[in-house]
Enquirer: 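Supplied in structure tokens, the structure appears directly below.
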2 protein chains.
Amino acid sequence: MEETERQQLHRRGSGVSTVYETLRNEIIELKLPPGSPIDEQHLSDRFALSRTPIREALVRLAAEGLITTLTNRATIVSNIDFLGLPEFFDALTLMYRVTTRLAASNHAEGDIVAIRVQQKAFEVAVANRDVLGMIATNRDFHIAVAQAGRNRYYVELFTRLLDEGRRILRLYYSSFNDVLPRQYVGEHEEMIQAIINRDVSLADSLASAHADQIVRQIRSYITADSRQNAGLAL
Amino acid sequence: MEETERQQLHRRGSGVSTVYETLRNEIIELKLPPGSPIDEQHLSDRFALSRTPIREALVRLAAEGLITTLTNRATIVSNIDFLGLPEFFDALTLMYRVTTRLAASNHAEGDIVAIRVQQKAFEVAVANRDVLGMIATNRDFHIAVAQAGRNRYYVELFTRLLDEGRRILRLYYSSFNDVLPRQYVGEHEEMIQAIINRDVSLADSLASAHADQIVRQIRSYITADSRQNAGLAL
DNA sequence: TGTATTTTTCTTGTCGACAAAAAGTCGGCA
DNA sequence: TGCCGACTTTTTGTCGACAAGAAAAATACA
């Protein structure tokens with residue numbers, strides 16, 4: 001009689017994906033910053049689940065590289081690898097190009113409306129000067145494009161790369177939230193048109209330029225010299 | 001006193017990776033054919049482990065797409081998606097090209113010897129007319145090249161694609177084991193030379209041709225008409 | 001005899017508890 | 001006072017058992 005309320009808290013099997021998605025979001029949005037320790041017991045209390053399903057979610061996150069498990073010791077949120085940034089930019093640019101190309105050649109009717117929905121959300125974020133929203137909706141827009149390209153291998157890799165990008169940009173957001181790359185909206189529009197016209201090479205070059213823009217922006221965030229006392233006489 | 005022998009069977013934490021690697025191999029080598037049911041209890045008995053570490057290994061395999069879990073029902077070895085083969089070929093070709101290009105521009109001294117080691121193994125397999133060995137060593141060769149290119153994103157995707165390719169080719173091996181693509185050895189040699197000379201565009205075109213070869217070979221295996229009575233008069 | 005419904009069985013999902021490994025703590029000793 | 005070693009604590013890895021869900025079997029009914 002007394003244990004009836006606990007039963008319906010989670011549908012059997014739903015708990016682990018809830019934990020997975022929640023933690024995944026918190027990691028990407030830096031609510032859990034890199035290096036944060038992940039305590040299984042704590043999560044067990046938080047989600048009102050035993051450690052077993054928690055552990056399952058953690059294994060999934062580890063497979064994606066979002067967390068790092070030090071065997072028998074601790075598991076922490078993976079650090080952002082700044083030395084590996086060139087690799088990241090290379091892969092990101094390639095995926096931008098390939099997915100946009102494929103979208104231009106393979107898309108169906110419905111794909112365009114899905115892309116347009118994401119583009120609208122992106123416009124709203126830009127209008128509101130919501131940098132965090134822009135980062136998130138830009139990701140969704142390009143994933144919609146990738147899905148129109150109909151290649152699951154690219155979609156998967158691209159998703160991972162864009163999420164990694166969100167994590168990186170989050171680090172720099174607060175100090176630069178007035179630098180709003182408004183031109184992205186127009187670039188997205190051009191890309192949509194090229195896709196509709198099935199102009200593969202135009203789509204490619206637009207994606208390439210777009211990727212360069214974004215890489216340049218991330219680079220500028222990262223290398224920005226914010227030392228206030230650089231000119232101080234010594 | 002009596003339970004001393006069980007303790008040293010596995011070092012703490014080693015069991016799950018053993019299970020993971022063993023199953024992974026058996027799936028790739030079609031020892032576990034697509035659609036095979038994966039019974040946790042059975043595996044628990046087989047590896048002399050509780051179901052918990054088994055489950056952990058299965059979650060990892062599922063994240064890689066090698067097994068499919070039907071919730072609350074069963075978990076089976078993932079089917080080979082023949083309808084998705086064009087996507088597969090597209091991604092495979094792109095990764096052949098990109099990794100070889102990067103190897104040409106980014107490789108260090110040590111990378112070449114690693115590549116040569118794999119190439120030797122490949123030559124041996126070809127000399128022995130060992131098709132299965134050829135498939136495996138060809139994979140190792142190209143992964144060595146990819147590693148020389150120094151981009152972990154590409155290495156990871158390429159590894160998955162090549163392993164998926166091994167699975168596909170295994171399906172056709174037995175009926176075509178006298179068709180030995182000997183020219184691959186020479187093509188590998190050319191690629192190595194282009195990499196050493198840091199000739200990126202030559203490396204690219206060689207990789208592209210090599211990929212076309214392999215895609216064509218897989219296609220020919222798959223579409224080969226093996227009907228014995230095709231000419232039978234009716 | 002065929003179909004619908006209940007019962008059984010089998011497999012997965014979850015739990016609480018225990019064991020091992022590592023880090024932290026404390027005390028002893030030079 | 002500083003360093004080394006044993007003890008304690010904390011956290012992960014593993015286990016056996018139980019519960020829920022779905023398929024299979026058995027039963028009832030038309």
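Convention: sequence-line order gives letters A, B, ...; per-chain numbering from 1.
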Enquirer: If you assign each of Thr71(B) and Glu56(B) to its closest nucleotide in DNA chain D, which residue comes earlier from the 5' end?
Expert: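 Nearest nucleotide further toward 5': that of Glu56(B).
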Enquirer: Sort and list the pairs that fulfil salt bridge (charged side-chain N to carboxylate O under 4.0 Å, His left out) and have at least one residue in residues 69-79 of chain A, not counting sequence neighbours.
Expert: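 Listed by first then second residue: nothing to list.
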Enquirer: Look for any protein N or O under 3.5 Å of an N or O in nucleotides 6-8 of chain C and output each such pair with its distance, or none.
Expert:
none

Enquirer: Report the residues that fulfil side chain to side chain contact (heavy atoms under 4.5 Å, CB included) with Ala114(A), sequence neighbours left out, ordered by chain and then residue number.
Expert: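 Residues passing side chain to side chain contact (heavy atoms under 4.5 Å, CB included) with Ala114(A): none at all.
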Enquirer: Specify the residues of residues 60-70 of chain A, ordered by number, for which at least one heavy atom lies under 4.0 angstrom from an atom of DNA chain D.
Expert: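 Heavy-atom cutoff 4.0 Å gives no residues at all.
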Enquirer: If the condition is side-chain hydrogen bond (donor to acceptor under 3.5 Å, both in side chains), which residues does Thr69(A) pass it with, not counting sequence neighbours?
Expert: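 For Thr69(A), no residue satisfies side-chain hydrogen bond (donor to acceptor under 3.5 Å, both in side chains) once neighbours in sequence are set aside.
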Enquirer: Just jot down the side chain to side chain contact (heavy atoms under 4.5 Å, CB included) partners of Ala121(B), sequence neighbours excluded, or say none.
Expert: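 Ala121(B) satisfies side chain to side chain contact (heavy atoms under 4.5 Å, CB included) with Thr137(B) once adjacent residues are dropped.
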Enquirer: Glu123(A): what forms a salt bridge (Lys or Arg N to Asp or Glu O under 4.0 Å) with it, not counting sequence neighbours?
Expert: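 Checked Glu123(A) against salt bridge (Lys or Arg N to Asp or Glu O under 4.0 Å); zero matches.
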Enquirer: Return the 5'-most residue of the pair Arg12(A), Ala74(A) with respect to DNA chain D, ranking by each residue's nearest nucleotide.
Expert: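 The residue mapped nearer the 5' terminus is Ala74(A).
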Enquirer: Could I get the full list of ring pair (Phe, Tyr, Trp, His ring centres under 6.0 Å) partners for His107(A), not counting sequence neighbours?
Expert: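 Counting only residues at least two positions away or on another chain, His107(A) forms no ring pair (Phe, Tyr, Trp, His ring centres under 6.0 Å).
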Enquirer: In a table with atom names and distances, give each donor-acceptor pair under 3.5 Å that connects a side chain of residues 81-96 of chain B to protein atoms at least two apart or in another chain.
Expert:
{"residue": "Asp81(B)", "atom": "OD1", "partner": "Leu83(B)", "partner atom": "N", "Å": "3.2"}
{"residue": "Asp81(B)", "atom": "OD1", "partner": "Gly84(B)", "partner atom": "N", "Å": "3.2"}
{"residue": "Glu87(B)", "atom": "OE1", "partner": "Arg152(A)", "partner atom": "N", "Å": "3.0"}
{"residue": "Asp90(B)", "atom": "OD1", "partner": "Tyr154(A)", "partner atom": "OH", "Å": "2.7"}
{"residue": "Thr93(B)", "atom": "OG1", "partner": "Phe89(B)", "partner atom": "O", "Å": "2.8"}

Enquirer: Looking at the base of dG13(D), is there any donor atom on it, or on the side chain of Arg73(A), that sits under 3.5 Å from an acceptor on the other one?
Expert: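 Between dG13(D) and Arg73(A), which were checked side chain against base, a qualifying N/O pair under 3.5 Å is absent.
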Enquirer: Take atom CG of Asn72(B) and atom P of dA22(D), then tell me their distance rounded to the nearest Å.
Expert: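 Distance check: Asn72(B) CG to dA22(D) P gives 6 Å.
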Enquirer: By nearest atom, which of the nucleotides dG13(D), dG16(C), dT14(D) is closest to the Ser50(B) side chain?
Expert: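 Taking heavy atoms from C-beta onward, the closest nucleotide is dT14(D).
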Enquirer: Can you list the residues that meet the side chain to side chain contact (heavy atoms under 4.5 Å, CB included) rule with Arg150(B), with sequence neighbours excluded?
Expert: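 Partners of Arg150(B) by the side chain to side chain contact (heavy atoms under 4.5 Å, CB included) criterion, ordered by chain and then number, come out as Asn106(B), Ala108(B), Asp111(B).
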Enquirer: Which ones in residues 32-46 of chain B lie close to DNA chain D, meaning a heavy atom under 4.0 Å from one of its atoms?
Expert: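 Heavy-atom contacts with DNA chain D come from no residue of residues 32-46 of chain B; none.
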Enquirer: What's the CZ-C1' distance between Arg51(B) and dT11(C), to the nearest Å?
Expert: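 So the CZ-C1' distance, Arg51(B) to dT11(C), works out to 8 Å.
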Enquirer: What nucleotide among dT12(C), dA20(C), dA17(C) has an atom nearest to a side-chain atom of Thr75(B)?
Expert: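 Comparing dT12(C), dA20(C), dA17(C) against the side chain of Thr75(B), the answer is dT12(C).
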Enquirer: Could you give the side-chain donor-acceptor pairs of residues 32-43 of chain A under 3.5 Å, partners two or more places apart or in another chain?
Expert:
{"residue": "Ser36(A)", "atom": "OG", "partner": "Pro33(A)", "partner atom": "O", "Å": "2.5"}
{"residue": "Asp39(A)", "atom": "OD2", "partner": "His42(A)", "partner atom": "N", "Å": "3.2"}
{"residue": "Glu40(A)", "atom": "OE1", "partner": "Arg51(A)", "partner atom": "NE", "Å": "3.0"}
{"residue": "Glu40(A)", "atom": "OE1", "partner": "Arg51(A)", "partner atom": "NH2", "Å": "3.0"}
{"residue": "Glu40(A)", "atom": "OE1", "partner": "Arg55(A)", "partner atom": "NE", "Å": "3.3"}
{"residue": "Glu40(A)", "atom": "OE2", "partner": "Arg55(A)", "partner atom": "NE", "Å": "3.2"}

